[in-house]
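Have a look at the structure below before the remarks.
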Amino acid sequence: MADLPPDLFDSDWAREAERRALRDHRRATRVRKARRLARPSRGALLSTLALSLAVVLMWAGFAFLDGTAPSASAPSASTASTSTAPLRKNAEIDPTRPFADTPAAMWREGAGGIEPPPAIAVGKYSAEQVGQFMERVRQLIITARLDRTVLETGDPTPVLALLAPMMVEKLADRLAPGHERKAWYVSERIAPGFRLLPVQPRVIGSMTPTINAEGELVVRTNYLVAYAFEAPEPQKLDGPMDIVALVRQEIEFRWIDDPKYAADAMGIWFGEVDGFSYAVGCAQGNLGFLAPAYTNPPGTNSATPSARRSEEYFDPNIPMPDEDGCP
């Protein structure tokens, strides 16, 4: 196989992008920032060159997944009513029902909250092919965001097994120990020393299949997951949001199947990614881990910005928030 093509950006650009990445990861209510994965050149055929997909993580500013594909998208599937239950901030915490009195109370449990829409033909892809890809994406999200072993050990191996081998190769540097905040979109990681309660996370969101400008089949996802943490003395906490952490992610998954590419390039690739966290531990968030808000200093109101009503942050239909709640 040929060497990778030259980098699309020089080293000065790369250093500046990394500086911005580290700066934005200091926002624990928005520890996940929009990125775009550069697409490979479509020009060379395997008959003349064994093509590797060159991937550069590019900062796309505050990019929304607003659909620039040239063809119509299939309807998205929402897994629950977008209405949210009211938040009772000072309600008593019940570890057996941790989501009671939070806006996630009516959401579905675990994998039941990740449900593809009915498959229809999109572009050159048949309804059957679209349905198969959406199921692959569903399994990837379940593994990355709900699998207890992945969450609590921080080992993304089961997630990587579902990606194209060459995509995994391109992620290697970001998956190295100590670089957790660079790979937030690959899998969720519970902070060391913390444990989730023995209840399923609550989930709401949608996925939409479409065709991007390169003619690739993509699935654009927008899911919110609420995680409930154990606490040593829950009766001393202010309310349920001290133990419930919310993570929202908008991730585009690309399906590479063009035979002109190398065999290890085939499969699922990340496209544009964006994310937001609410009511989380700021210190651990800065390190790329998820922890509950009760770990924040008393009286700081950290990780709960006041720009909106609390319930709005649980609504998948609002634009991705960009408020800061951590110092």
Side-chain angles (χ1 to χ4, degrees), residues 32 34-40 53 55 57 60 63-80 82 108 110-147 156 158-168 170-171 184-188 203-225 247-258 261 265-276 316-317 320:
R32 292 105 161 109
R35 292 178 176 84
R36 186 191 307 272
L37 294 178
R39 296 180 173 86
L53 295 183
V55 175
L57 287 174
F64 296 112
L65 302 183
D66 55 2
T68 57
S71 60
S73 301
S76 61
S78 179
T79 57
T82 55
R108 293 187 181 180
I114 303 173
E115 182 178 336
I120 66 170
V122 178
K124 67 179 182 180
Y125 295 91
S126 67
E128 181 180 6
Q129 291 173 312
V130 172
Q132 291 173 346
F133 182 41
M134 287 194 294
E135 180 57 29
R136 286 173 178 260
V137 170
R138 178 177 181 270
Q139 291 301 321
L140 196 157
I141 296 172
I142 291 171
T143 304
R145 304 187 66 184
L146 299 175
D147 185 285
V159 180
L160 302 181
L162 302 176
L163 299 172
M166 200 176 290
M167 176 80 264
V168 176
K170 302 307 170 188
L171 291 170
W184 58 266
Y185 55 91
V186 177
S187 65
E188 200 63 61
V203 183
I204 192 173
S206 63
M207 66 172 67
T208 306
T210 188
I211 298 295
N212 65 13
E214 286 68 35
E216 300 166 348
L217 177 62
V218 301
V219 169
R220 290 172 175 148
T221 66
N222 175 21
Y223 284 100
L224 290 79
V225 182
V247 178
R248 176 178 176 179
Q249 292 183 358
E250 292 184 0
I251 298 181
E252 177 186 79
F253 296 97
R254 301 162 52 202
W255 179 246
I256 301 299
D257 63 351
D258 194 321
Y261 292 137
M266 304 298 181
I268 300 178
W269 286 69
F270 287 106
E272 294 183 11
V273 297
D274 199 4
F276 178 83
N317 290 323
M320 185 71 75

Between atom [atom1] of [X] and atom [atom2] of [Y], what is the distance when rounded to the nearest 0.5 Å?
{"X": "R108", "Y": "I114", "atom1": "CZ", "atom2": "CD1", "value": "11.0 Å"}
{"X": "L160", "Y": "I268", "atom1": "CG", "atom2": "CD1", "value": "12.0 Å"}
{"X": "F133", "Y": "R254", "atom1": "CZ", "atom2": "CZ", "value": "10.0 Å"}
{"X": "M134", "Y": "L217", "atom1": "CE", "atom2": "CG", "value": "9.0 Å"}
{"X": "F270", "Y": "F253", "atom1": "CZ", "atom2": "CZ", "value": "5.5 Å"}
{"X": "R145", "Y": "T221", "atom1": "CZ", "atom2": "OG1", "value": "8.0 Å"}

Work out which heavy atom in [X] is nearest to a heavy atom in [Y]; give both atom names and the distance.
{"X": "A144", "Y": "V159", "result": "CA-CG2, 3.6 Å"}
{"X": "D274", "Y": "W184", "result": "C-CH2, 3.6 Å"}
{"X": "A164", "Y": "A265", "result": "CB-O, 3.6 Å"}
{"X": "V203", "Y": "G113", "result": "CG1-O, 3.7 Å"}
{"X": "Y223", "Y": "M207", "result": "OH-CE, 3.6 Å"}
{"X": "P209", "Y": "V130", "result": "CB-CG1, 3.7 Å"}

How would you list, by chain and number, every residue that makes a salt bridge (Lys or Arg N to Asp or Glu O under 4.0 Å) with R138, sequence neighbours excluded?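 For R138 the salt bridge (Lys or Arg N to Asp or Glu O under 4.0 Å) partners, ignoring immediate neighbours, are E135.
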Less than 4.5 Å apart, side chain to side chain, heavy atoms only: is that true for [X] and [Y]?
{"X": "T210", "Y": "R220", "value": "yes"}
{"X": "L140", "Y": "R136", "value": "no"}
{"X": "M166", "Y": "W269", "value": "yes"}
{"X": "W255", "Y": "V218", "value": "no"}
{"X": "Q249", "Y": "V247", "value": "yes"}

Any salt bridge linking E250 with R248? Criterion: basic side-chain nitrogen under 4.0 Å from a carboxylate oxygen.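 Answer for the salt bridge query: yes.
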For P165, check side chain to side chain contact (heavy atoms under 4.5 Å, CB included) against everything at least two apart and list the hits.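 P165 satisfies side chain to side chain contact (heavy atoms under 4.5 Å, CB included) with D264 only.
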Apply side chain to side chain contact (heavy atoms under 4.5 Å, CB included) to the pair I141 and I251, showing each step before the final yes or no. CA-CA 10 Å; I141 296 172; I251 298 181; over 6 Å; no
